Amino acid sequence: MRSGAATPTRASGSRTGWLLLPLAGWLVAFVLAPALILLVISFATRDDLGRVVFAFSLENYGRVFDPVYLGIFARSVGYAALTTVLCIALAYPVAWHIARLGAPWRQRLLLLVMIPFWTSFLIRTYAWITILKQEGLLNGVLRHAGLIAAPLEFLYTPGAVVLGLVYAYLPFMILPLYASAEKVEPSLIEAAHDLGCGPWRTFATIVLPLTRPGLAAGVMMVFVPAIGMFAISDLMGGARVPMLGNVIQDQFVGQARDKPFGAALGVVFLLLFLVSYALLRRRAEVRLG
Amino acid sequence: MRWLSSPRCFRFATGSWTALVLAFLHLPIVVLVAYSFNTSRLNVRWEGFTLRWYAEIWSSPVLLRAAVNSLVVAVLTAVISVVLGTLGAWLLHRHRFRGRRWLEALVGLPIAMPEIILGVSLLLLFSTLAVPLGHGTVVVAHVTFCFPFVLLTVRARLQGLDPALEEAALDLGATPLRAFWLVIAPALRPAITAGALLAFTLSLDEVIVTYFTASPGAATLPLRIFGLARVGLNPMLNALSTLFVGAAVLAVLLARDQRRTSSGPAGV
């Protein structure tokens with residue numbers, strides 16, 4: 001940040017300030033305007049051919065509160081919450097352990113977290129399909145060992161969906177937690193030990209509060225995206241475990257073809273996101289790269 | 001549980017946990033890669049080594065077309081994102097104006113926003129304006145969530161830059177744009193490269209936003225993978241996934257080397 005240079009900056013700024021227009025223009029045209037259109041269409045209706053008809057109606061929002069959709073909403077939020085909790089439980093010890101390692105091992109283990117982070121979640125989900133499918137690896141191994149007579153169904157169950165979500169989002173929890181854990185002063189830990197604090201208490205009283213920004217960032221990167229992730233519930237749950245994302249997707253490109261209703265679901269989801277974004281953004285420290 | 005309270009045991013516990021979690025993260029990928037070389041169509045028994053599935057990708061016009069689409073989209077996305085992101089980072093860094101905080105919050109939005117909302121709302125924008133879906137709409141959608149990453153990466157670098165550099169250039173009579181081109185841009189090169197790599201990789205892997213903004217003819221490789229994965233097991237898909245895993249490993253190693261050189265003595 002340039003300090004105390006407000007005047008010269010502003011003077012030269014008048015000549016380059018117009019260059020901000022493409023940036024602002026892009027964000028207005030492709031983020032704000034589409035969100036506005038989403039909002040407008042959520043109040044519209046559709047004709048028999050599925051075309052959008054502009055007539056103000058609250059009917060779509062009424063349908064959002066239909067028990068069927070409320071159930072799907074609850075399931076999506078529930079699965080996403082479970083995913084987040086499992087990711088936190090799995091990731092915390094890992095982030096803390098890696099942060100305490102010497103430089104060479106820290107680099108190596110971080111690399112091992114980065115590779116799944118950078119591998120498309122789709123491919124990593126497919127990896128689980130090859131394992132869990134009826135004619136997949138797990139059933140093959142179990143049958144070979146004589147433990148089961150007929151293949152079991154692992155795929156297309158709620159458990160498979162949560163497994164897929166946890167597997168996809170785990171690196172997104174480890175990395176921000178690590179970024180936060182890395183900054184905890186080792187001297188604080190030593191002081192706690194010297195004062196007779198056991199490692200568990202040290203973790204609870206020092207590490208947890210100090211890594212809260214990383215935790216907030218991790219929750220932001222896991223919880224809300226997991227609610228709307230339709231590809232994983234589609235692949236791991238089939239049509240049996242639909243989540244919010246699947247219902248929305250179905251309204252736009254699937255068989256339901258009710259764009260205004262899809263838009264209303266989208267608006268509700270967007271509001272949910274904006275609220276958590278506003279709440280978590282201030283606490284979260286998002287470090288990229 | 002008494003034994004767990006000694007620091008050494010605690011380290012042993014977190015260490016074992018870490019090993020298990022890393023194994024959990026990598027084992028499915030290893031299985032996926034291993035079976036891409038299996039002669040059997042099913043992932044149950046190992047029947048012998050083959051490269052047949054890789055050859056099948058090569059002889060599938062649909063997948064080749066999708067691969068070309070993916071590369072074209074990713075390159076265009078990276079180029080536009082770098083221009084928009086770098087300029088944006090520089091201007092947001094040196095200008096104080098009303099509404100700057102709003103603009104900054106807006107920049108973070110496409111990164112944090114659920115992809116399905118971005119995809120669906122862009123689909124509505126394009127259909128409202130009667131813009132036919134194609135490569136162009138995919139590039140626009142990808143740039144929208146990629147350039148903020150470039151902007152943040154470059155911005156982090158700018159904040160570590162000595163403001164005297166630019167002032168010296170301005171004092172010596174350079175116009176702000178010339179100062180940017182001759183002084184700032186070279187100093188930003190590592191961040192710009194990292195940002196370009198980030199945009200390229202993000203674009204190459206993206207499914208959800210692409211799902212809503214691509215026409216069948218502009219379908220990218222991840223879209224085809226999604227379609228194939230829905231149908232079921234397919235060793236060709238294992239082979240294709242292996243190539244993607246290889247690309248991810250390459251990207252991670254490249255990014256690490258980039259960081260190493262940029263934090264070396266030549267860096268700021």
Side-chain angles (χ1 to χ4, degrees), chain A residues 2 6 9 12-13 15-17 19-20 22-24 26-27 30-31 33-35 37-38 41 90 93-94 96-97 111-112 114-116 118-120 122-123 126-131 133 135-137 140 170 193 198-200 224-225 228 230-231 235 245 248 252 266 269-270 273 277 288-289, chain B residues 5 7 10 14-15 17-18 21-22 25 28-29 31-32 35 42-44 84 87-88 91 94-96 103 106 109-110 112-114 116-117 120-125 128 140 144 149 152-153 159 163 176-177 194 201 205 207-208 212 222 225-226 229-230 233 237 241 244-245 248-249 251-252:
Chain A
R2 289 162 62 114
T9 313
S12 57
R15 269 179 289 155
T16 52
L19 282 167
L20 268 171
L23 171 81
W26 191 286
L27 288 168
F30 301 122
V31 181
I37 293 175
L38 187 76
I41 289 184
L90 287 169
V94 177
W96 181 240
H97 188 80
L111 219 60
L112 286 181
M114 293 303 272
I115 289 169
W118 281 116
T119 305
S120 157
L122 194 60
I123 279 158
Y126 176 65
W128 274 107
I129 296 179
T130 68
I131 295 172
K133 193 108 183 156
E135 62 271 29
L137 185 67
L170 185 55
H193 284 318
W200 293 98
V224 179
F230 69 86
L235 291 174
I248 296 180
F252 287 93
F269 186 27
L270 186 62
F273 155 70
Y277 185 57
L288 303 152
Chain B
S5 57
F10 184 78
T14 58
W17 189 264
T18 304
V21 170
L22 288 177
L25 278 176
I29 300 179
V31 169
L32 181 81
Y35 279 101
L42 298 177
N43 280 2
V44 185
L84 263 181
L87 266 180
L91 294 168
R94 71 196 300 269
H95 288 289
R96 304 285 147 82
L103 196 56
L106 204 55
L109 210 53
M113 201 157 148
I116 187 169
I117 300 287
V120 162
S121 63
L122 278 168
L123 170 65
L124 286 179
L125 174 81
T128 305
V140 164
T144 303
F149 281 99
L152 292 180
T153 312
Q159 276 161 1
L177 275 181
T201 321
D205 275 351
V207 209
I208 306 294
F212 293 103
I225 293 176
F226 186 38
R230 270 174 149 171
L233 299 186
L237 196 46
S241 304
F244 266 82
V245 173
V249 173
V252 169

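Numbered from 1 within each chain, the chains take letters A, B, ... in sequence-line order. The model shown is predicted, which means the values in this text are computed figures rather than measured ones. These numbers come from the heavy atoms of this one structure, side chains and all, not from hydrogens, waters or symmetry mates.
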Residue [X] versus chain A: region with a heavy atom under 4.5 Å:
X	result
Ile117(B)	side chain
Thr128(B)	side chain
Ala229(B)	both
Val140(B)	both
Ala112(B)	both
Ile116(B)	side chain
Leu22(B)	side chain

I need the minimum non-hydrogen distance between [X] and [Y], along with the two atoms involved.
X	Y	value
Ala35(A)	Ser121(B)	N-CB, 4.2 Å
Val207(B)	Pro222(B)	CG1-O, 4.0 Å
Pro110(B)	Leu27(A)	CG-CD2, 4.1 Å

[atom1]-[atom2] distance between [X] and [Y], expressed to the nearest 0.5 angstrom:
X	Y	atom1	atom2	result
Ile37(A)	Leu124(B)	CD1	CG	7.0 Å
Leu233(B)	Tyr126(A)	CG	OH	5.0 Å
Leu237(B)	Ile123(A)	CG	CD1	8.0 Å
Leu91(B)	Leu23(A)	CG	CG	8.0 Å

Which atoms of [X] are under 4.5 Å from chain B, going by heavy atoms: the side chain, the backbone, both sets, or neither?
X	answer
Ile129(A)	both
Leu235(A)	side chain
Pro225(A)	neither
Phe30(A)	both
Leu112(A)	both
Leu122(A)	side chain

- Going through the distances and angles, do Phe244(B) and Asp205(B) end up as a side chain to side chain contact (heavy atoms under 4.5 Å, CB included)? CA-CA 9 Å; Phe244(B) 266 82; Asp205(B) 275 351; 3.6 Å; yes

Contact leader toward chain A among [options], where contacts are heavy-atom pairs under 4.5 Å:
options	result
Val120(B), Ile225(B), Leu87(B)	Val120(B)
Leu109(B), Thr201(B), Leu123(B)	Leu109(B)
Val249(B), Leu103(B), Leu25(B), Leu84(B)	Leu25(B)

- Task: Evaluate side chain to side chain contact (heavy atoms under 4.5 Å, CB included) for Phe269(A) paired with Val224(A), printing each intermediate quantity in order.
- Result: CA-CA 9 Å; Phe269(A) 186 27; Val224(A) 179; 4.0 Å; yes

- With a 4.5 Å cut-off on heavy-atom pairs, point out which of Ala24(A), Pro93(A), Pro116(A) contacts chain B the most.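 Maximum pair count with chain B is reached by Pro93(A).
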
- Item | Heavy atoms of other groups near Trp17(B) CH2, more than 12 under 6.0 Å |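 Counting other residues, nucleotides and ligands, CH2 of Trp17(B) stays at 12 neighbours or fewer.
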
- Trace of the side chain to side chain contact (heavy atoms under 4.5 Å, CB included) decision for Ile131(A) with Trp128(A): CA-CA 5 Å; Ile131(A) 295 172; Trp128(A) 274 107; 4.2 Å; yes

